[in-house]
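Hydrogens, waters and symmetry mates play no part in the numbers below; they use all other heavy atoms, side chains included. All values reported here derive from a predicted model rather than from experimental measurement.
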Amino acid sequence: MKNFLVSAFLALTVSAAMAAPSIIPWPKTLTETMEAGKPAKPFVLKWGCTVGGDAAFAGEIKSFREALFPATGIWLKVTEATPDIRFVRDTAQPKEGYALTVTEKGVEIRASEPAGAFYAVQTLRQLLPPDVYRSAPVRAAWEIPAVTIADAPRYAWRGIMFDPARGFIPVPELKRQIDAMAAHKLNVLHWHLTDDQGWRIEIKRYPRLTAVGATRPCTPRPFARTQMDGEPQPPLFYTQDEIREVVAYAAARHVTVVPEIEMPGHALAVIRAYPELACSDQPDLTPRWGVNKEIFCAGNPKTYELLEGVLDEVVELFPSSYIHVGGDEAPKTRWNACPKCKAKMAELGCKDMHQLQTRFTEHFARYLAAKGRNLIGWDEILEGGLPKGAAIMSWRGTKGGIIAAKAGHKVVMTPKPFCYVDYRQQVPNDPYEYIPNNTPNPIWKTYELDPDAGLPEEAKPFILGLQGNLWAEYIRSGEDMDWKLWPRACAIAEIGWTPQAARDWEHFRARVSGPGLERLCRMGLRPAPVPEKK
């Protein structure tokens, strides 16, 4: 199957000799240099070429040299004299932005900070033939077309969420995805580390979270959400050393890792390990997909003690300014019948259980703020009144995000179906289409999203950006993950980076279905083809 799929992908690609720049995401401005009505002569990358520049960009120069070498066999020599490829620090460039000039005589990259230089390098690599992404030597003419580019992102948050709680993702697979994300200027990895079906982060203070919570007594069958397969799963989790490794690997590629610790819902894995945190004396511990009525008891002081202890270790592992606390799909069935929760509601003066969840969330917002961090949660945390200073991810459409932004809260737009990259793609004869979900989300649908739509001008600055969500209920392998995520993540990248006025579906389709897919294949990914727009 693997060889068949790769052959099918390559049959969809165009020649590596690109007729025009095919950059994803498309830059803010790009001008091809013309001479006598024809494209100017390109810069030819060859043995003897030199590279150098401002010491602030030493890391980006190093990674550029290392990235080029496997396919080209060219080891750029570093020089302090006038290099062929020059990195210049230019404080006039915007954050994460850059200016790139390519002539027959050389390449100049101007940026104000390392992230901008890094993104200029990603653009430069995409100007080369797609074979530059191979991991073995290739005989090719390594020509870079003569262009002038001025570029900067539309949004600061351009993310993808991965869900190892339901379908565990080994560290090498995560690194592979981080590489592909960085190549497309995606800069946030939202790591959904806890859910009903598994606790995936080592917490030294509470070893049962992984000894028990990271196991699974059974898993729902592929085509039936409520039928269990009866097969126990051993503990699957990331050690703290592995987490540090992933965070450092991502940081070197200008990707921030944002952890998610679910509360008060999606807590079944914790309740299996510490049943005293449930409202009921006899909680239902079956790890079904979907929404579970067993949630953390909001009236039990031990709930707050455990979650504070967890967050103490989380903030030590993750330097991200935001810590995600979930807050979604927390049914109040158990709270409504719980004397402790009713007493807590009365103590805090809550008019209903939605307000109790708000007070619960506010507690942890204050706790994180005292540690210099910001709380972010799914849009359900709006329901009882949004805690002061909290940010939201708007997933049930864009309405919640619009309400929050108008109220002056930061928002990441991630509405379904546009941003749900596990949904059905409408690809003919899809070999991975076994998810029992009839909601279609082909890449052209994703590309239609405008995160600013429906907002007055004064509220638009509160949109941090957007994110694609890859839920893993029915992802069985790394190949499956690639197929569902790519190239839809290219659409997420372009929405997050390219000005709305510069986006055009047909232009994007030509870039992604030709060189874009070819690049992904050369990276070792297995992307889906691009379906016809209907």
Side-chain angles (χ1 to χ4, degrees), residues 163-169 192-238 259-311 314 325-342 344 353 356-357 360 378 380 436 471-476:
D163 172 23
R166 297 183 180 92
F168 191 72
I169 308 170
H192 186 80
L193 288 165
T194 72
D195 213 301
D196 291 323
Q197 294 78 26
W199 181 278
R200 305 303 185 199
I201 173 173
E202 179 187 26
I203 301 296
K204 295 185 183 296
R205 182 173 172 181
Y206 296 108
R208 284 182 61 82
L209 287 174
T210 46
V212 177
T215 67
R216 195 149 70 206
C218 53
T219 298
R221 296 185 185 280
F223 294 98
R225 296 174 71 92
T226 59
Q227 294 180 15
M228 301 294 120
D229 63 9
E231 298 178 10
Q233 187 184 85
L236 293 171
F237 64 94
Y238 304 103
E260 180 179 359
I261 307 297
E262 278 271 16
M263 60 180 84
H266 291 286
L268 191 64
V270 183
I271 291 170
R272 286 181 51 243
Y274 297 95
E276 65 271 22
L277 302 184
C279 292
S280 170
D281 291 335
Q282 295 182 317
D284 180 356
L285 300 179
T286 306
R288 303 178 184 88
W289 298 150
V291 181
N292 196 298
K293 63 184 176 182
E294 306 297 347
I295 69 176
F296 286 120
C297 179
N300 187 343
K302 290 183 178 180
T303 294
Y304 299 86
E305 179 185 336
L306 181 138
L307 290 173
E308 287 174 1
V310 167
L311 292 176
V314 166
V325 299
D328 63 310
E329 298 179 331
K332 308 303 187 291
T333 306
R334 294 302 196 197
W335 283 8
N336 285 324
C338 176
K340 292 179 182 178
C341 289
K342 290 179 179 178
K344 190 71 173 179
M353 290 299 179
L356 180 59
Q357 182 172 347
F360 181 94
W378 301 108
E380 282 93 332
W471 298 104
E473 285 96 330
Y474 298 99
I475 291 178
R476 298 175 172 178

Atom pair [atom1]/[atom2] of [X] and [Y] - distance to nearest 0.5 Å:
{"X": "K293", "Y": "K332", "atom1": "NZ", "atom2": "NZ", "result": "15.5 Å"}
{"X": "I475", "Y": "I169", "atom1": "CD1", "atom2": "CD1", "result": "7.5 Å"}
{"X": "I201", "Y": "L193", "atom1": "CD1", "atom2": "CG", "result": "5.5 Å"}
{"X": "D281", "Y": "E276", "atom1": "CG", "atom2": "CD", "result": "11.5 Å"}
{"X": "T219", "Y": "Q197", "atom1": "OG1", "atom2": "CD", "result": "8.5 Å"}

Restricting to side-chain hydrogen bond (donor to acceptor under 3.5 Å, both in side chains), what partner residues turn up for [X], sequence neighbours left out?
{"X": "K204", "value": "E202"}
{"X": "K344", "value": "none"}
{"X": "T333", "value": "none"}

Tell me whether the rings of F360 and Y304 are parallel (<30°), tilted (30 to 60°) or perpendicular (>60°).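 The arrangement is tilted - the two ring planes meet at 30° to 60°.
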Expected output: side-chain [X] to main-chain [Y] donor-acceptor under 3.5 Å:
{"X": "D328", "Y": "W378", "answer": "no"}
{"X": "T215", "Y": "P234", "answer": "no"}
{"X": "E380", "Y": "E329", "answer": "yes"}

If you apply the rule side chain to side chain contact (heavy atoms under 4.5 Å, CB included), what do you find for N292 with H266, and how did you get there? CA-CA 7 Å; N292 196 298; H266 291 286; over 6 Å; no
Would you say the side chain of P220 lies within less than 4.5 Å of the side chain of E473, judging by non-hydrogen atoms?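 The answer is no, as the side chains (C-beta and beyond) never meet within the 4.5 Å cut-off.
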Hey, are the side chains of R216 and P232 touching, using non-hydrogen atoms and a 4.5 Å cut-off?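 R216 vs P232: side chains apart.
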On a heavy-atom basis, which atom in [X] and which in [Y] lie closest, and how many Å separate them?
{"X": "Y206", "Y": "G309", "value": "CE1-CA, 4.2 Å"}
{"X": "P339", "Y": "A337", "value": "CD-O, 3.5 Å"}
{"X": "A269", "Y": "D195", "value": "CB-O, 3.3 Å"}
{"X": "L311", "Y": "M263", "value": "CD1-CE, 4.3 Å"}
{"X": "C218", "Y": "P287", "value": "O-CG, 3.4 Å"}
{"X": "C341", "Y": "L356", "value": "O-CD2, 3.8 Å"}

Please list, chain by chain and in numerical order, all residues satisfying side-chain contact (heavy atoms from CB on, under 4.5 Å) with [X], sequence neighbours excluded.
{"X": "K340", "value": "C297, N300, C338"}
{"X": "A214", "value": "R200, T210, P235, F237"}
{"X": "D284", "value": "T286, R288, E294"}
{"X": "A267", "value": "I271, F296"}

What verdict does the side chain to side chain contact (heavy atoms under 4.5 Å, CB included) test give for V310 and L209, after you've listed the backbone C-alpha separation in whole Å, the side-chain angles of each residue and the deciding distance to 0.1 Å? CA-CA 10 Å; V310 167; L209 287 174; 3.9 Å; yes
Go through V325 and I261 one step at a time and tell me if the side chain to side chain contact (heavy atoms under 4.5 Å, CB included) criterion holds. CA-CA 5 Å; V325 299; I261 307 297; 5.8 Å; no
Listed by chain and number, what are the salt bridge (Lys or Arg N to Asp or Glu O under 4.0 Å) partners of D196, not counting sequence neighbours?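 Testing D196 for salt bridge (Lys or Arg N to Asp or Glu O under 4.0 Å), a comparison that skips the adjacent residues, returns none.
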How would you list, by chain and number, every residue that makes a salt bridge (Lys or Arg N to Asp or Glu O under 4.0 Å) with E260, sequence neighbours excluded?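 With neighbours one apart ignored, the set is empty.
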Go through the steps to decide whether V270 and L306 satisfy the test side chain to side chain contact (heavy atoms under 4.5 Å, CB included), and finish with yes or no. CA-CA 10 Å; V270 183; L306 181 138; 4.2 Å; yes
Qualifying residues under ring pair (Phe, Tyr, Trp, His ring centres under 6.0 Å), relative to H192, sequence neighbours excluded: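 Ring pair (Phe, Tyr, Trp, His ring centres under 6.0 Å) check on H192 returns W471.
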F168: what forms a ring pair (Phe, Tyr, Trp, His ring centres under 6.0 Å) with it, not counting sequence neighbours?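 F168 satisfies ring pair (Phe, Tyr, Trp, His ring centres under 6.0 Å) with Y238 only.
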Pairs meeting criterion salt bridge (charged side-chain N to carboxylate O under 4.0 Å, His left out) with involvement of residues 264-275, two or more places apart: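 Residue pairs with at least one partner in residues 264-275: there are none.
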